[in-house]
Student: 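One structure, pasted below without further comment.
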Amino acid sequence: MIISAHQPNETLGAIFKECYYLQLDANVEPRRIPVIDDCCYDLVFFKEASGAFYFGEDSRKVAIRSKVFTIHLVTPPYRIEAADSLTFFTVKLQPWANAHFFSSLQKSGVVDIADVQLLSFHEKVFETEGVPDKFSLAEQFMTDKMVELTPSMELVRELCNYIYEKQGKVTVNQLSEDFNKSRQYLGKVFKKEVMYPLKKFIITVRILDLVRFRAKNPDVSLTQLSYDYGYFDQAHFINDFKKVCGVKPLQFFNNLPEFLLRHA
């Protein structure tokens, strides 16, 4: 298995969160990638262009035959599986750039987004041998895709970064007070740019931060951790956890290596 991530420079970081390369050989079992929705859209370059996407509690299956795709409007948990080897190069957007790239999506599920430029990058990145060279190629690709942030994107960028800094331990009411704007206005602008509700984003950031902390501190009890992250009702905690990860906390952490392939 090869898995490597790269954070772009500060300028590119205004639009792109990271890029990563992942390769599972045919002799690795199981050949699957669990996916957690972090509210950041991905441009996924799939070398083999042959696999299956499973989503929802009933594990509905959709065939993947696209060289370049993104995932849109699906219910967790979900994963990607391949019959043979599995090789991805993925460029992850900053959440405030989601709508700029993907507001026109009509279909849900695995959506083919291939065009001439994306297919050209697909060919080049998988022809390039060294992983650092792949990331250098990606930096040029991202430079070609750079755009100037609009005022509403700038506002949402500030909101997202504030929520990240607070580890998701913040409410919409607090954001309204801190940014001196109404709940309704913040919710409308956020949904327009991120394509996710503001409250869902807050919950997602909180749960994923909790997951990362628990992965590094396995001796901390889930009960204590839920209190530390502002949950004083276990049913509320479990419900929010399932919304993000698709399963209950205990089931999730009992399968930590598989579920946290990237998110730890």
Student: Side-chain heavy atoms under 4.5 angstrom apart, residues restricted to Ile, Leu, Val, Met, Phe, Trp, Tyr: same cluster for Met195 and Leu149?
Tutor: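 Yes, it is one cluster - the side chains of Met195 and Leu149 are joined through contacts under 4.5 Å.
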
Student: Using the rule given for side chain to side chain contact (heavy atoms under 4.5 Å, CB included), can you reason through Asp178 versus Tyr162, listing the C-alpha separation, both sets of side-chain angles and the distance that settles it, and then say yes or no?
Tutor: CA-CA 10 Å; Asp178 292 344; Tyr162 187 83; 2.5 Å; yes

Student: Quickly, which of Val44, Asp112, Leu105, Val110 forms a side-chain contact (heavy atoms from CB on, under 4.5 Å) with Thr70? Name it, please.
Tutor: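 Passing option: Leu105.
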
Student: Tell me yes or no: between the side chains of Asp144 and Gln140, is some donor less than 3.5 Å from an acceptor?
Tutor: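 Gln140 and Asp144 do have a side-chain donor-acceptor pair below 3.5 Å.
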
Student: Does Arg79 count as lying over the ring of Tyr54, i.e. NZ or CZ under 6.0 Å from the six-ring centre, within 45 degrees of the axis?
Tutor: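 Satisfied, under 6.0 Å and within 45°.
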
Student: Crowded around Glu148 CD? As in, over 12 foreign heavy atoms under 6.0 Å?
Tutor: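 Counting neighbours around CD of Glu148, 12 or fewer heavy atoms of other residues, nucleotides or ligands fall under 6.0 Å, so no.
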
Student: Tell me which one of Ile203, Leu210, Val211 satisfies side-chain contact (heavy atoms from CB on, under 4.5 Å) with Val244.
Tutor: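 So, applying the side-chain contact (heavy atoms from CB on, under 4.5 Å) to Val244 and each of Ile203, Leu210, Val211, only Ile203 qualifies.
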
Student: Should the ring pair Phe69 and Phe88 be called parallel, tilted or perpendicular, given that the plane angle runs from 0 to 90° and is split at 30 and 60?
Tutor: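 Taking Phe88 first and then Phe69, their aromatic rings stand perpendicular (interplane angle over 60°).
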
Student: Phe237 vs Tyr229, test: side chain to side chain contact (heavy atoms under 4.5 Å, CB included). Steps then yes/no.
Tutor: CA-CA 9 Å; Phe237 168 57; Tyr229 277 80; over 6 Å; no

Student: Which heavy atom in Phe126 sits nearest to a heavy atom in Lys134, and how many Å separate them?
Tutor: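 So the two residues come closest at CA-NZ, 3.9 Å.
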
Student: Could you give all pairs that pass the salt bridge (charged side-chain N to carboxylate O under 4.0 Å, His left out) test and reach residues 55-65, with sequence neighbours left out?
Tutor: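 Found Glu57-Lys242, Asp58-Arg60.
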
Student: Do any N or O atoms from the side chain of Ser103 and from the backbone of His100 form a donor-acceptor pair under 3.5 angstrom?
Tutor: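 No, Ser103 side chain to His100 backbone: no donor-acceptor pair under 3.5 Å.
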
Student: Flag the pair Asp38 and Lys92 as a salt bridge only when some basic side-chain nitrogen lies within less than 4.0 angstrom of an acidic carboxylate oxygen.
Tutor: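 Yes, charged N to carboxylate O under 4.0 Å.
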
Student: Suppose clustering is done on Ile, Leu, Val, Met, Phe, Trp and Tyr with side-chain heavy atoms closer than 4.5 Å. Which residues sit in the same group as Phe232?
Tutor: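 Tyr227, listed by chain and number.
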
Student: Under 3.5 Å, which donor-acceptor pairs do the side chains of residues 152-159 form with other protein atoms, sequence neighbours left out?
Tutor:
from   : atom 1 : to     : atom 2 : distance (Å)
Ser152 : OG     : Thr150 : OG1    : 3.3
Ser152 : OG     : Glu193 : OE2    : 2.4

Student: Any side-chain donor paired with an acceptor under 3.5 Å for Gln117 and Lys145?
Tutor: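 There is such a pair (donor and acceptor under 3.5 Å, judged by atom type) between the side chains of Gln117 and Lys145.
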
Student: Run the ring-ring contact (aromatic ring centres under 6.0 Å, His included) test on Tyr41 and Phe101 for me, step by step, so that the C-alpha distance in whole Å, both residues' side-chain angles and the decisive distance to 0.1 Å come before the verdict.
Tutor: CA-CA 9 Å; Tyr41 274 69; Phe101 287 90; over 10 Å; no

